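A quick note: this is a predicted structure, and the numbers were derived from the prediction, not measured. One-based numbering, in listed order, for ligands and for the atoms of each.
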Amino acid sequence: MSLYALLAGNGPSGFGYGSTAEQVTEGLDLTGQHILITGCNSGLGLEAMRVLALRGATVIGAARTLDKASAACAGIDGATIPVACELGDPASVRACVQTVTELRVPLQAIIANAGIMALPKPQQLYGWERQLFVNHIGHFILVTGLMDSLAADGRVVMLSSAAHKGAPKVGIELDNLGGERGYTPWKSYGQSKIANLLFARELSRRFEGSDRVANAVHPGVIATNLGRHMNPVMVGAMSIAKPLALKTIPQGAATEVWAAVHPDAAKVSGEYLSHSNVAKSSPQGQDMSLAAKLWEVSEAKVASI
Ligand SMILES: NC(=O)c1ccc[n+]([C@@H]2O[C@H](COP(=O)([O-])OP(=O)(O)OC[C@H]3O[C@@H](n4cnc5c(N)ncnc54)[C@H](OP(=O)(O)O)[C@@H]3O)[C@@H](O)[C@H]2O)c1
């Protein structure tokens, strides 16, 4: 356990910085539940899938290719169903929606976990900055496409990040969605993560009057493959800091799993969660008019591709 985990206490949920995904699900029987998770083949997604299956859920594990999803699922003890979902390819995401819909099972939770971070050079997909497209638009197509499959009390969990605080001053640069103006890797990653947060808040607003909930999660800072585009100096600094400050992967997977299945999170909605508790986001991350505008432009984009 890291020094930080030892010093940090637990929050009102009874869990905190040091809690692991196994601990936040201890005693839960998820038999009969179907849960979809993206990015199931690596880091937090793989650990979340392992623990959800351990508790009896059938996990629909999505990865960029069926081979990757199948390999990840094959390593799990419990019930899993591998599916392909390349978030940068709308046809692949739509095919995933169809495959999951055809399973004809109610989804108790959708965990939008996959993501890319801090691409060194500006890149675009379908005219949008690549991180914004993969992290936000790919999941927008997936989650909105699966609304008919989401259980009446189903939960949507969006992986955001504390890095959303590094988004542009306006939150989302609606006049620079291609990212051509003033690209920096962290600002664009931050923008994609504030998009995940605003999507969760707007979805939660749309769920009002139902038993469905939607939340966004900061999992902590964890050394995973996410850092593949980081410069070696930063990676070196992180590996030195690891035993002191960083969360382990089992700790990092805790908040998304808590949000997806813990009974205490069943009525929590429209929140930004950290260390398995409600936390405070940036002011821009609370801007519901920006959330509505982002939904509108995303919907228009998705209709055009
Ligand atoms: N680790 C942290 O410190 C941290 C902090 C804050 C937030 N987060 C968030 O936590 C989530 C999980 O990250 P992680 O740390 O577990 O990273 P990771 O180990 O790199 O896992 C990311 C997953 O996303 C998948 N992915 C990437 N691009 C994709 C695409 N175009 N289509 C479909 N899947 C794609 C990856 O697949 P491949 O393996 O095939 O590339 C991988 O399975 C991310 O959303 C990240 O932003 C992480």
Visitor: Can you name the atoms of ligand 1, numbered from 1 with element, that are less than 4.0 Å from a heavy atom of Asn225?
Guide: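 Close to Asn225: 19 (O), 20 (O).
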Visitor: Identify which of Leu46, Thr224, Ile37 has a heavy atom lying nearest to atom 15 (O) of ligand 1.
Guide: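 The option holding the nearest heavy atom is Thr224.
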Visitor: Any idea which part of Asn113 is under 4.0 Å from ligand 1, heavy-atom wise: side chain, backbone, both or neither?
Guide: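 Asn113 to ligand 1: contacts from backbone and side chain alike.
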Visitor: Among Gly220, Ala253, Pro219, which residue places a heavy atom closest to atom 8 (N) of ligand 1?
Guide: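 Of the listed residues, Pro219 has the closest heavy atom.
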Visitor: Looking only at heavy atoms, is any part of Lys68 under 4.0 Å from ligand 1, and if so is it the side chain, the backbone, or both, or is it neither?
Guide: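 For Lys68, the contact with ligand 1 is made by the side chain alone.
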Visitor: Is there side-chain contact between Asp29 and Arg55, with at least one heavy-atom pair below 4.5 Å?
Guide: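 No; the side chains remain at least 4.5 Å from each other.
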Visitor: I'd like to check which ligand 1 atoms, numbered from 1 as shown, lie under 4.0 Å from a non-hydrogen atom of Ile116.
Guide: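 Within the 4.0 Å cut-off of Ile116, ligand 1 contributes 27 (C), 28 (N).
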Visitor: Check whether Asn135 reaches the backbone of Ile116 with its side chain - one donor and one acceptor, N or O, closer than 3.5 Å.
Guide: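 Yes, Asn135 side chain to Ile116 backbone: donor-acceptor pair under 3.5 Å.
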Visitor: Name the one of Lys165, Arg201, Glu271 that satisfies side-chain hydrogen bond (donor to acceptor under 3.5 Å, both in side chains) with Ser281?
Guide: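 So, applying the side-chain hydrogen bond (donor to acceptor under 3.5 Å, both in side chains) to Ser281 and each of Lys165, Arg201, Glu271, only Arg201 qualifies.
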Visitor: Does Thr38 come within less than 4.0 Å of ligand 1, judged by its heavy atoms?
Guide: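 Flag not set, Thr38 not near ligand 1.
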Visitor: Without hydrogens or angle criteria, can the side chains of Ser298 and His136 be said to hold a donor-acceptor pair below 3.5 Å?
Guide: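 Per modelled atom types, Ser298 and His136 side chains form a pair under 3.5 Å.
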Visitor: Would you mind listing which atoms of ligand 1 come within a distance below 4.0 Å of any non-hydrogen atom of Ser42?
Guide: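 With Ser42 as reference, the close atoms of ligand 1 come out as 18 (P), 19 (O), 21 (O), 42 (C), 43 (O).
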Visitor: Determine whether the side chains of Asn277 and Ser13 contain a donor N or O and an acceptor N or O closer than 3.5 Å.
Guide: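 The criterion, which ignores hydrogens and geometry beyond distance, is satisfied for Ser13 and Asn277.
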Visitor: Tell me, please, whether Tyr17 has Lys247 positioned over its six-membered ring: NZ or CZ under 6.0 Å from the ring centre and within 45 degrees of its axis?
Guide: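 Yes, Lys247 and Tyr17 form such a contact.
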Visitor: For atom 22 (C) of ligand 1, state which one of Gly115, Ala69, Gly39 supplies the nearest heavy atom.
Guide: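 Nearest option to atom 22 (C) of ligand 1, by heavy atoms: Gly115.
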Visitor: If we only count N/O pairs under 3.5 Å, is Ile222 in contact with ligand 1?
Guide: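 N/O-N/O distance under 3.5 Å: yes.
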Visitor: Give a yes or no on whether a salt bridge exists between Arg50 and Glu47, defined as a side-chain N under 4.0 angstrom from a carboxylate O.
Guide: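 Salt bridge flag = yes for Glu47 with Arg50.
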Visitor: Which atoms of ligand 1 are found less than 4.0 Å from any heavy atom of Val221?
Guide: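 So the atoms of ligand 1 that pass are 3 (O).
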Visitor: Taking atom types as modelled, is there a side-chain donor on His218 or Thr255 under 3.5 Å from an acceptor on the other?
Guide: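 Short answer, no.
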Visitor: Which of these, Gly138, Ala114, Gly43, Ala72, has its nearest heavy atom closest to atom 34 (N) of ligand 1?
Guide: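 Among Gly138, Ala114, Gly43, Ala72, the closest heavy atom to atom 34 (N) of ligand 1 comes from Ala114.
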Visitor: Show me the donor-acceptor pairs within less than 3.5 Å that the side chains of residues 152-164 make with the rest of the protein, sequence neighbours left out.
Guide:
{"residue": "Asp153", "atom": "OD1", "partner": "Gln108", "partner atom": "NE2", "Å": "3.0"}
{"residue": "Arg155", "atom": "NH1", "partner": "Ala259", "partner atom": "O", "Å": "3.1"}
{"residue": "Arg155", "atom": "NH1", "partner": "His262", "partner atom": "O", "Å": "2.9"}
{"residue": "Arg155", "atom": "NH2", "partner": "His262", "partner atom": "O", "Å": "3.0"}
{"residue": "Ser160", "atom": "OG", "partner": "Lys193", "partner atom": "O", "Å": "2.9"}
{"residue": "Ser161", "atom": "OG", "partner": "Ala163", "partner atom": "N", "Å": "2.8"}
{"residue": "His164", "atom": "ND1", "partner": "Ser161", "partner atom": "O", "Å": "2.8"}
{"residue": "His164", "atom": "NE2", "partner": "Ser282", "partner atom": "N", "Å": "3.0"}
{"residue": "His164", "atom": "NE2", "partner": "Ser282", "partner atom": "OG", "Å": "3.4"}

Visitor: Quick check: are there more than 12 heavy atoms from other residues, nucleotides or ligands sitting under 6.0 Å from CG of Asp175?
Guide: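 Yes, the 6.0 Å shell around CG holds more than 12 heavy atoms from other groups.
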Visitor: What closest approach, in Å, do Gly252 and Pro219 show between heavy atoms, and which atom pair accounts for it?
Guide: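 Shortest heavy-atom separation between Gly252 and Pro219 comes out as O-CB, 3.4 Å.
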Visitor: Examine Arg206 relative to Trp295 and say whether NZ or CZ is less than 6.0 Å from the centre of the six-membered ring and inside a 45° cone about the ring axis.
Guide: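 Flagged: Arg206 positioned over aromatic ring of Trp295.
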Visitor: What part of Leu87 sits under 4.0 Å from ligand 1 if we count only heavy atoms: the side chain, the backbone, both or neither?
Guide: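 Near ligand 1, Leu87 shows its backbone as well as its side chain.
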Visitor: Could you state the interatomic distance from OG (Ser276) to CG (Asn10), rounded to the nearest 0.5 Å?
Guide: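 Ser276 atom OG to Asn10 atom CG measures 9.0 Å (nearest 0.5 Å).
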Visitor: Residue-level breakdown please: for Tyr189 versus ligand 1, do any non-hydrogen atoms fall below 4.0 Å on the side chain, on the backbone, on both, or on neither?
Guide: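 The side chain, only.
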Visitor: In ligand 1, which numbered atoms sit nearer than 4.0 Å to a non-hydrogen atom of Ser161?
Guide: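 The atoms of ligand 1 under 4.0 Å from a heavy atom of Ser161 are 6 (C), 7 (C).
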Visitor: Nearest 0.5 Å, please: how far is CG in Leu44 from CD in Gln251?
Guide: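 Reported to 0.5 Å precision, the distance equals 11.5 Å.
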Visitor: For atom 29 (C) of ligand 1, state which one of Met117, Arg64, Arg228 supplies the nearest heavy atom.
Guide: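 Shortest heavy-atom distance from atom 29 (C) of ligand 1: Arg64.
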Visitor: Polar contacts were defined as any N/O atom of the residue lying under 3.5 Å from an N/O atom of the ligand; does this apply to His218 and ligand 1?
Guide: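 Among all N and O atoms of His218, none is under 3.5 Å from an N or O of ligand 1.
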Visitor: Taking heavy atoms and a distance under 4.0 Å, where does Cys85 meet ligand 1: side chain, backbone, both or neither?
Guide: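 It is the backbone that gets close, since no side chain atom is under 4.0 Å.
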Visitor: Within less than 4.0 angstrom of ligand 1, does Gly88 place any heavy atom?
Guide: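 Gly88 counts as a contact of ligand 1 under the 4.0 Å cut-off.
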Visitor: I'd like to know whether ligand 1 has Ser160 as a neighbour, heavy-atom separation below 4.0 Å.
Guide: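 Contact check Ser160 vs ligand 1: positive.
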Visitor: For Leu44, which part has a heavy atom under 4.0 Å from ligand 1: side chain, backbone, both, or neither?
Guide: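 Both the backbone and the side chain of Leu44 come within reach of ligand 1.
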Visitor: Would you say Lys193 has any N or O atom under 3.5 Å from an N or O of ligand 1, going by distance alone?
Guide: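 For ligand 1, there is an N or O atom that lies under 3.5 Å from one belonging to Lys193.
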Visitor: Is the closest N or O pair between Leu226 and ligand 1 shorter than 3.5 Å?
Guide: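 Yes, at least one N or O pair falls under 3.5 Å.
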